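Written below as C-alpha cells is the structure these notes are about.
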Amino acid sequence: MSRYQASEIEAKWQKAWDEAGVFTATRSADKPKYYVLEMFPYPSGRIHMGHVRNYTMGDVIARYKLSTGHNVLHPMGWDAFGMPAENAAMATGGHPKTWTYNNIAEMRGQMKPLGLSIDWSREFATCDPEYYGQQQALFLDMLDAGLVYRKNAVVNWDPVDMTVLANEQVENGRGWRSGALVERRELTQWFFKISEYSEELLSALDTLDNWPAKVKTMQANWIGKSRGLQFAFSTVDAPEEFDRIEVYTTRPDTLMGASFLGISPDHPLAKALEKDNPEIAAFCEDCRRMGTSEEELEKAEKKGFNTGLRVRHPFDTAWELPIYIANFILMDYGTGAIFGCPAHDQRDFEFATKYGLTINPVFVPATVDADGADEYFHSEESAYVPQKSEAVRFVRGYAGDEVQTGEAAIDAAIAFCEGQGVGQGVTKFRLRDWGLSRQRYWGCPIPVVHCDSCGVVPEKKENLPVLLPDDVSFDVPGNPLDRHATWRDCSCPTCGAAAKRETDTMDTFVDSSWYFARFTAPRATTPTDAADAEYWMNVDQYIGGIEHAILHLLYSRFFARAMQITGHLPEKSKEPFNALFTQGMVTHAIYKAEDPSNGRPVYFYPEQVDLRDGKAFCKETGHELEIVPSAKMSKSKNNVVDPLAIIASYGADTARWFMLSDSPPERDVEWTASGAEATFKHLSRVWRLAAEAAEDTSGANDQDEALLREMHKAIHDVTAGIDSFGFNASIAKLYGFTNTLAKSKAGGEAKRQAARTLAQLMSPMTPHLAEEIWALLGGEGLIAHAAWPVAEAAMLVEDTVTLPIQINGKRRGELSVPKDLAKEEVEKLVLAHEAVVKALDGAAPKKLIVVPGRIVNVVV
RNA sequence: GCCCAAGUGGCGGAAUGGUAGACGCAGGGGAUUCAAAAUCCCCCGCUGGUAACAGCGUGCGAGUUCGAGUCUCGCCUUGGGCACCA
C-alpha cells in the first residue's frame, strides 16, 4: 500500500475541477443561488496564514452550498489602489502599477494551490481601468443625485515634504519621513453625504439578524444618535457678529452647573479673535499643530486659553461665564462650542481644576440628602458621572422632580427650556460626511474638471474612464498628478475652454464599497447589470476581519443605498450583506532573547529554534529563548509562517484543516508546527483507513449497525457545525467518527459506506483528499458534484439516558433510565439511590428538581 | 481618552443556566521492532491519599439561582476600532 501523497493528489484534483468547470458561477432558474464572499485582499505580494484561514472558511461554505443544490457565486479580486504601492515606488524607484500587477500575479499563484472553489473568470482588480472607469460613472450619477458635494476640511500637512500625510504617517505629531512638525491645513475636498442617512443606517441595523451583535453595537455607537438642547448664550464685549454663541448639549439638566464656555480653535469666533490678538493666534496655531485623528486629540493634554470675553447665563443675566478656546473641542461635532459642567464631566472637571474655575454640583447620589451635598462634593477628587438611568438627587435642578433619573431630568430640562424660549430640543448624530478626496496618485481619478467660467464641471460619461497617466515619477514628494501638465490641462466639457482636471483621487474605501456588486457582472459596460444584480444579490455570507466592523461595512451600506437611488442595484439590496461573519487572526509564538551588548530584543525564526518540553532553545547556541505565545504575525518579529512552505511540506488540505480545527472561527488561532504535523498525520490516517476499507472483503455482520448509527450522528453534528460556523466543532466530530471507524469491526461494505460519507463530510475542509477517497471507494463522479448526505432521524435516537444526580448542586452519582420515563418514576429511583439515601439520612428532601433527560438535583 | 470584544488544564479549546475540561497538541507508560521511523493501546486539572474518596478549580471581587464558565454589577489584563493603513 502506498502513502498519502498530498502534492500529487492536490494537483490532480485541481486540474479535474478546472476541466469540469465546477466552480464557474451560472445563473439558472432551476436552482436557488448562494453568494459567498470573503473580503478581498490588498495585493501586498505574499499571501499569509490569515488569508488561508479567511478563504478556507468561505470555501467551506461555498462547497457545502454547492453540494446542497445551489448555484454558488464565490469570486475573488484585488483591493489594488492605495498607499503601499506609492511607498514602494518611492523606496525602490519602480512604478505603482507594475508593483501592483506583479504582486497580484504573485499572490494569485500562491492562492491557487489552496484549491479554493473560486470562479476565477470573474477576477478583477480595483486599479483596472474597466473597474475604476465604472466607479467614475457611479460617482457622476451620485453627483447628479446630490449625494456628493465640496467643502473645506482639515488634513495633516507636512510643511517640509509639502505633502498631505495619512494618520498612520504621523508619528508623535511629526511626519514619518521628514520628521517635521505636522500642521493641520484646510483644503477644499469632495464629500459623500453619508450623514443624511444617519437615521436610516442606524435603524436598519435592526434588520440585520445575521450580523454579529458587537458589529451592530459598534456601528450604532459610531453613528451616535443623541438628543439634546441647542441654545445660544449671549455674549459680553464680543465682536459684533458674535453677539450670540450657539451650543449643543446632551446634558441640559446640568445647565445650573455651568462654569465656562468652550469653543473649538476652528470656531469662527476663535478665528476672528486670532486676527487681532497674537496670543490667541499663537494658542490656536499650537492647537492646529497636531494630527487630525480623534485618538490623538483625546489623548493630548487638555489646554485652554481664556479669551477674556464672557457670556451671560440664559437663566440669570447677571451670571457671567468666561469663554475659553479649548484644544479638545471638535468643530465637526455639534456647533463647535460647549458649556463646561465640571461637577459632572471628568474632562471638564480636570479643565476647571487646571484653570481654577468654579465647580457647582447639580446633583448628588439619591442616598445623600440635600444638606450633605457640598460636603459630599468636597470629599471627591473627580466629577460625579452616574449612568443616565440612575436616579439622583438634584440640588441645583430647575425642571422635573428633586429625585429623578438623568434621562427624566434631560427630558424635563428640554421641555422647560423650550417653554422659556431658551433653545430647542434637537437630535444630532456623531457620524460625519465621508471625505473622499486624496491628494495621491495611485487611486481612482475624480472625474471632474475645473473651468474658470463654468466652475466645477463633471466629465462626460463618454469620456470615461479618466485614465491615470503612466508617465509619472515619485522622486519628489507630493501628488504627481498635480505636476503632470499634459494630463492636468484639458478642455471644459461644457464650454470647451481651457480647463484643469481635478488632481485628487478617491479614497480606497470607495473602491471596496461596491466591489461586491461588481462581481455579479464584472465585465458589464455599466457599473452593474440589472438581471445579474437581481439574481445574485445580496451577498448571502460575507466573511472578513473585525477591523472592518465600522468603516468599510458602514460605507458599503451607504453605497448600496446610493446605488439603489442611482439605479444600479435593486431595492432588496439596500442592505447588501445578509449575513456577516468576522473571523479572528492567525497568531504564532515569538522566540526572543536579549542582545547582551545593548539590551535590545533579538527575534528568532521558528526554524532556528528547538522545542523541547514546552521550552525553546536556540539550535546554534543551545541557549534557552523566551516564548511569547499567540502573537500577531509580524515580519519584524520573525514569526510569520509562509503558507507556501506549509503546502510544500504537508499539502493544502493540511493547512486548510488546521486553520479550521483548533479555535472557534471568530477567535484567534495559533499556528503551531506540532499542530500542523498532527493534522498531516490525521489526514494520512484517514487516507489509510479508506485504502484498507477498499480492500476489506469481510461480509456484513452485527457491528454494521453500530457503525452506521455513528455515521448518521456524524452527518448530523458535522452539518450542524457548518451551518452555525462551528467549523472547529465539526472537525472535533470528524476526529471522533474517524476513531470509531478505525476501531469498528463492521463488514467491508459498511466500512466503505462509512468512509465515503466521512470523505463527503470532510470535503468542504479537505476537498482534494475527499475526492481521492471518493474515487478510491467507487463514488460516482466528482465528490464536488455529489449531494450532501442527510442524517436519518431514526438512527439518531437513543433509548436510555444517563442522568447525573446532584446533591446540593454537587454531582454525587448517576442514574441510567429509559429516555421517556415519567418524572414520578425518576423521583422514586432517585430517592432510592444509595448516595441520596445516605445524604438524607432518613429526612425528607427540602426540594427535588428533575430536569427530564438532563439532570436531577436533591436539596437536603 | 472613548467605543467594542475576549479571558477555562502545561498549550489550543468543548460545554441550549444542568456531569467543567469533548476533540486535538505536548507529556508519561506500554505493545510492535535487532534497532529506529511509522503505527497501535493506556494514563493525563490541582492538592491530599496506596486506593476508595475528599477538598479546591473557568482573570479578580460581589450578586441572582435548587444549580453560574454561561445571567447582573464593579474591577484587572489582552486585542480590535477611533473617520487619510487596508
Side-chain angles (χ1 to χ4, degrees), chain A residues 3 39 41-42 44 79 81-84 155-156 164-170 194 212-215 217-222 224 291-300 302 328 332 346-347 430-440 507-509 511-512 545-552 554-555 582 584-585 587 589 611 613-614 629-630 632 658 661-664 666-670 672 674-675 677-679 681-682 684-685 688 726 728-729 731-736 739 742 802-806 808-814 845-849 851 853-859:
Chain A
R3 292 186 305 126
M39 290 179 186
Y42 181 80
S44 60
D79 190 11
F81 275 136
M83 287 199 312
V155 294
N156 300 310
V164 177
L165 299 178
N167 284 336
E168 74 158 6
Q169 296 174 316
V170 179
I194 189 172
K214 62 178 170 184
V215 174
T217 309
M218 281 190 260
Q219 291 216 355
N221 289 339
W222 184 260
T292 57
S293 80
E294 187 179 317
E295 183 186 4
E296 195 180 337
L297 224 57
E298 287 280 346
K299 281 185 179 163
K302 308 293 178 284
F328 55 87
D332 293 336
Q346 190 58 30
R347 189 174 61 187
R430 202 185 78 102
L431 181 64
R432 309 197 293 256
D433 277 336
W434 170 11
L436 67 120
S437 295
R438 296 292 180 271
Q439 294 71 40
R440 277 185 257 286
D507 178 8
T508 54
F509 272 124
D511 312 338
S512 56
I546 187 67
E547 67 272 21
H548 296 293
I550 297 175
L551 293 178
H552 163 62
L554 191 62
Y555 290 156
T582 55
M585 288 187 308
T587 62
L611 290 173
D613 298 347
S630 307
K632 191 174 181 170
F658 183 62
S661 67
D662 251 27
S663 279
E666 69 275 15
R667 290 253 286 269
D668 292 351
V669 64
E670 177 155 353
T672 61
S674 57
E677 179 72 33
T679 297
K681 282 185 189 173
H682 175 72
S684 303
R685 183 178 186 224
R688 209 167 47 241
N728 57 323
I731 284 185
K733 297 294 176 192
L734 286 167
Y735 270 113
N739 288 335
T802 304
L803 288 183
I805 297 176
Q806 293 185 336
N808 291 342
K810 284 193 186 287
R811 187 178 176 280
R812 285 291 183 265
E814 60 182 34
K846 271 193 198 150
K847 212 165 187 178
L848 183 57
I849 293 143
V851 184
R854 303 289 320 188
I855 203 166
V856 177
N857 192 9
V858 187
V859 184

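Letters A, B, ... mirror the listed sequences (proteins, then strands); counts begin at 1. Being a predicted model, the structure only gives us computed values, none of them experimental.
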Just call it for [X]: base, sugar-phosphate, or nothing, with non-hydrogen atoms closer than 4.0 Å on any strand.
| X | value |
| --- | --- |
| F509(A) | base |
| S437(A) | base |
| K214(A) | sugar-phosphate |
| K733(A) | nothing |
| H682(A) | nothing |
| Q439(A) | base |
| P664(A) | sugar-phosphate |
| A678(A) | sugar-phosphate |
| W434(A) | nothing |
| V851(A) | base |
| E670(A) | nothing |

Check whether [X] reaches the backbone of [Y] with its side chain - one donor and one acceptor, N or O, closer than 3.5 Å.
| X | Y | answer |
| --- | --- | --- |
| D433(A) | I194(A) | yes |
| S663(A) | D668(A) | yes |
| D662(A) | E670(A) | no |

Please name the nucleotide paired to [N] by Watson-Crick or G-U wobble geometry with both distances under 3.5 Å, or report none.
| N | answer |
| --- | --- |
| A35(B) | none |
| A62(B) | U72(B) |
| A15(B) | none |
| U50(B) | none |
| C44(B) | none |
| U78(B) | A5(B) |

So CG of L551(A) and CH2 of W222(A): to nearest 0.5 Å the spacing works out to 5.0 Å
Side-chain-base donor-acceptor pair under 3.5 Å for N857(A) and C66(B) | yes
Do the side chain of E294(A) and the base of C82(B) come within less than 3.5 angstrom through a donor-acceptor pair of N or O atoms?
-> no
How are the rings of H682(A) and Y735(A) set relative to one another: parallel (under 30°), tilted (30 to 60°) or perpendicular (over 60°)?
-> tilted
Distance below 4.0 Å between [X] side-chain N/O and [N] OP1 or OP2:
| X | N | value |
| --- | --- | --- |
| K847(A) | C66(B) | yes |
| N739(A) | C23(B) | no |
| R685(A) | C40(B) | yes |
| N728(A) | A14(B) | yes |
| R667(A) | G7(B) | yes |
| T508(A) | A86(B) | yes |

For the side chain of [X], counting heavy atoms from C-beta on, which of [options] is nearest?
| X | options | answer |
| --- | --- | --- |
| L431(A) | C85(B), G80(B), A83(B) | A83(B) |
| R430(A) | G13(B), G24(B), A83(B) | A83(B) |
| S663(A) | G12(B), A83(B), C85(B) | G12(B) |

Taking for each residue the nucleotide of RNA chain B bearing the nearest heavy atom, is the 5' side occupied by Q169(A) or by D662(A)?
-> D662(A)
Between [N] and [M], how far apart are the two [atom1] atoms, rounded to whole Å?
| N | M | atom1 | result |
| --- | --- | --- | --- |
| U77(B) | U72(B) | P | 22 Å |
| C75(B) | G1(B) | P | 13 Å |
| U65(B) | U70(B) | C1' | 13 Å |
| C71(B) | U16(B) | P | 12 Å |
| A15(B) | U50(B) | P | 38 Å |

Can a salt bridge be assigned to the pair R430(A) and E294(A) using a cut-off of 4.0 Å between side-chain N and carboxylate O?
-> yes
